[in-house]
Amino acid sequence: QVQLVESGGGLVQAGGSLRLSCQASGRTFSMYAMGWFRQAPGKERAFVATISRSGATTYYADSVKGRFTVSRDNAKNTVYLQMNTLKPEDTAVYYCAADYLGGMPSRKDAYDYWGQGTQVTVSS
C-alpha cells in the first residue's frame, strides 16, 4: 500500500513557474515508477510525465515537453514536477500516481495508487 500526497499547487501568472511535490508513504517508494497526470474541468484526466524507479528515465506529453521536468528523490520518498513557462491551458488539478510494474506508462489505468490532487491555476 502506498499513500501519495501532492502539494505545491496555487495561482500563478502566465509565464511563471511552480514546483509540485508528491510525498509517498512506505519504504518501497523506489520500487514504483511515478507519473503525473492532470485534469481540467470537463476533460479527461491526461498524462503529463512519468519517471522510472531510479529516476534515470523520463517521458513527457508533447504539450509540456521542454517546459516541465519530473524528478525524484528516493531517499525522501518524493517525486517532483517543476513547471516553467506556464500557460493558461495548464490550469488543472494535478495528480501523482504510482505504478508497481515500473513500466512508466502513459495510460492512467496502469497506475496502482493515486494522490488526492493539487490545483494549479494559471492566469492570463
Side-chain angles (χ1 to χ4, degrees):
Q1 185 82 11
V2 175
Q3 292 185 324
L4 304 171
V5 179
E6 301 96 336
S7 62
L11 173 64
V12 64
Q13 288 189 330
S17 298
L18 281 175
R19 188 176 82 153
L20 305 184
S21 299
C22 174
Q23 177 77 45
S25 66
R27 294 174 289 181
T28 59
F29 177 70
S30 61
M31 296 175 63
Y32 293 82
M34 299 298 295
W36 285 96
F37 288 75
R38 65 186 181 186
Q39 188 165 17
K43 294 189 176 181
E44 294 285 322
R45 192 170 298 188
F47 170 74
V48 174
T50 184
I51 187 167
S52 63
R53 290 165 171 153
S54 68
T57 305
T58 57
Y59 177 64
Y60 298 91
D62 288 343
S63 58
V64 307
K65 203 173 294 183
R67 300 188 297 123
F68 290 12
T69 302
V70 59
S71 62
R72 68 190 295 164
D73 185 338
N74 285 344
K76 295 183 178 180
N77 281 12
T78 302
V79 61
Y80 304 96
L81 186 68
Q82 177 67 43
M83 306 186 295
N84 298 329
T85 319
L86 282 161
K87 305 175 181 179
E89 52 263 44
D90 294 318
T91 295
V93 177
Y94 283 71
Y95 299 88
C96 69
D99 165 40
Y100 184 71
L101 290 179
M104 301 173 57
S106 59
R107 300 182 346 266
K108 57 182 182 292
D109 60 0
Y111 286 81
D112 304 291
Y113 301 102
W114 291 84
Q116 83 291 347
T118 185
Q119 177 71 48
V120 171
T121 303
V122 184
S123 63
S124 57

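Predicted model, so just to flag it, every value in this text is computed and none were measured.
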Is Gln23 reaching over with its side chain to a backbone N or O of Lys76, donor-acceptor style, under 3.5 angstrom?
yes
Given 3.5 Å as the limit, does a donor-acceptor pair link the side chain of Arg53 with the main chain of Ser30, or not?
no
Using modelled atom types and a 3.5 Å cut-off, is there a donor and acceptor pairing between side-chain atoms of Ser21 and backbone atoms of Tyr80?
no
With a 4.5 Å heavy-atom cut-off, do Trp114 and Arg45 have their side chains touching?
yes
Could you tell me whether a side-chain N or O of Thr91 sits under 3.5 Å from a main-chain N or O of Val122, the two making a donor and an acceptor?
yes
Between the side chain of Arg72 and the main-chain N/O of Gly55, is any donor-acceptor distance below 3.5 Å?
no
Quick check: is Met31 connected to Val2 through a chain of hydrophobic side chains (ILVMFWY, heavy atoms under 4.5 Å apart)?
yes
Smallest separation among heavy atoms of Val70 and Tyr60, with atom names
N-OH, 2.9 Å
Would you mind reporting whether Tyr95 and Lys108 have side-chain heavy atoms less than 4.5 Å apart?
no
Are the side chains of Gln3 and Tyr113 in contact, using a 4.5 Å heavy-atom criterion?
no
Answer yes or no: is there an ion pair linking Asp90 with Lys87, defined by an N-O contact shorter than 4.0 Å?
no
Between Tyr111 and Ala33, what is the shortest heavy-atom contact and its length?
CE2-O, 4.4 Å
Nearest-0.5 Å distance, CD of residue Gln1 to OG1 of residue Thr28:
10.0 Å
Checking the side chain of Glu6 only, and the main-chain atoms of Leu20 only, is there a donor and an acceptor separated by less than 3.5 Å?
no
